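Just follow the structure's listing: the first ligand is 1, and inside any ligand the first atom is 1. In this text the structure is predicted, and so the values were computed from the model without any measurement.
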Amino acid sequence: SVKMAIKVAYILSKIIHKTDDFIPTENRNSMVHALIESCGLLKHLCLVANRQATDSELELFHSPEYLQYMKKYNDAIECDDSFGFGYDCPLKQGIYNYCKEVAGASISAAKMLCSGQFQVAINWLGGWHHAKRADAAGYCYVNDCVLAILQLRTAYARVLYIDLDLHHGDGVQDAFCGTNKVMTFSIHKHEPGFFPGTGSLSDTGFGKGFRYSVNIPLKDGITDTPFVEICSKVLNEVKIKFDPLAVVIQAGADGLNEDPMRSFNLTPVGLSDCVQFILKWNLPTLILGGGGYNEANVARCWTKITADVLNEELPCEIPENQYFPSYGPSFDFEVVEGLKKDRNSKEYLKSITNTVIDNLSK
Ligand SMILES: O=C(CCc1ccccc1NC(=O)c1cccc(C(F)(F)F)c1)NO
Ligand SMILES: [Zn+2]
């Protein structure tokens, strides 16, 4: 089918190398951008210079005390473990500037969609779905997903949030679990003791938001085909029932095979097929990053998603770029599917699909 060329906004950060200091993999954000650039994709994108979020924009979701604490430690180098900082979310110098940069990028991307000038906006620096109003969690210090959704809600009556990360998008679900203006859909690993532990089948929202939280809890080992199948089946019902006017996709890549999380068995093809299924709806769509700890594979995945959004071909081999050695020994774009067992039986997938679709039609 002939695909129309669509206008795609891509948020550029001048301090992208600094943002690498605050995610667990040292060069990831820089590698993603360098690979996208070396594949010649920037000329097809509308490059938007990032603008840092203001304090008042961050306060649209986060508590002033929480933000004040980060601001205070922005220059210091030690902290106690209040507000969730400490072990999982170490506070480092420049943390507050990092939050303003990342949140600003997701808000800027959302503003591009609100202007009606773009159909898709991409911010690979964003996707930090665990952060709470006054609590850092799971390496997330600022919930840029929530801030972007709030921005989109100024122009769109109903916004759908879709979380493809290995982990449950708990911070976003919590923020909107009581409203029927934002539906949150998250497909993730759900096993005893696996972070964050929420997002079970019965986790469907409260009050006005009852049945506006959709969760697909999975076991280890799922591969592209069943993942894309369950996503498209359920999202098809979500589209009919909720009739969203804008979409936010968190495309966290820690579900890829060879990720240190060693859980799912996805490849960039599966994640990109999910994004393509959603883009067929022709709705204003914001695409964010998220988890993903095999940095070369995350760069391969998000470069492929960017190329597929643009309907542009990728070269067969990894082009020369600053991080070329990281792509050895294959030096190509493929992430092979592993041999691990898929613990999601057909019966299990069928039963959760039916339950979720049942919930949607009540
Ligand atoms: O990816 C996440 C957060 C993962 C997380 C939650 C709670 C506590 C720690 C983490 N992060 C890790 O476990 C982690 C982060 C970076 C790298 C690794 C590695 F060891 F797998 F490489 C592991 N959310 O989408
Ligand atoms: Zn994750």
What's the verdict on side chain to side chain donor-acceptor pair (under 3.5 Å) for Ser13 and Asn50, showing C-alpha distance, side-chain angles and the deciding distance? CA-CA 5 Å; Ser13 163; Asn50 186 29; 5.0 Å; no
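The option with the heavy atom closest to atom 15 (C) of ligand 1, from among Tyr139, Phe195, Phe194, is Tyr139. The closest heavy-atom contact to atom 23 (C) of ligand 1, among the options Gln250, Met261, Glu295, comes from Met261.
Ligand-side atoms of ligand 1 in range of Tyr293: 1 (O), 2 (C), 3 (C), 4 (C), 15 (C), 16 (C), 17 (C), 22 (F), range being under 4.0 angstrom from any heavy atom. Here is the list of ligand 1 atoms found below 4.0 Å of a heavy atom in His129: 24 (N), 25 (O). Residue-ligand proximity, Pro260 to ligand 1, at heavy-atom distances under 4.0 Å covers atoms 19 (C), 21 (F), 22 (F). Within the listing of ligand 1, atoms 2 (C), 3 (C), 24 (N), 25 (O) sit less than 4.0 angstrom from a heavy atom of His130. When each atom of ligand 1 is checked for a heavy atom of Gly138 under 4.0 Å away, the hits are 3 (C), 6 (C), 7 (C). When each atom of ligand 1 is checked for a heavy atom of Asp254 under 4.0 Å away, the hits are 1 (O), 2 (C), 25 (O).
The closest donor-acceptor contact from the side chain of Asn123 to the backbone of Ile11 lies at 3.5 Å or more, if one exists at all. At least one donor-acceptor pair under 3.5 Å links the side chain of Asn344 to the backbone N or O of Lys219. At distances below 3.5 Å, at least one donor-acceptor pair connects side-chain atoms of His190 with backbone N or O atoms of Gly197. Side chain of Lys132 to backbone of His130: a donor-acceptor contact under 3.5 angstrom is found. The backbone N or O of Thr204 lies less than 3.5 Å from no partner atom in the side chain of Arg211, so there is not a single donor-acceptor pair.
Gln250 and Asp165 are linked by a side-chain donor-acceptor pair at a separation below 3.5 angstrom, with hydrogens and angles left out of the test.
Looking at Asp254 and the Zn ion (ligand 2) together, the shortest N, O or S contact belongs to OD2.
Heavy atoms of Arg262 stay at 4.0 angstrom or farther from ligand 1.
In this pair, Trp302 and Trp124 present their aromatic rings parallel. The plane angle is below 30°, not in the 30 to 60° band.
Considering backbone and side-chain N/O of His167, one or more are found under 3.5 Å from N/O of ligand 1.
Centred on the Zn ion (ligand 2), the angle running from Asp165 (OD1) to His167 (ND1) is recorded as 100°, rounding to 10°.
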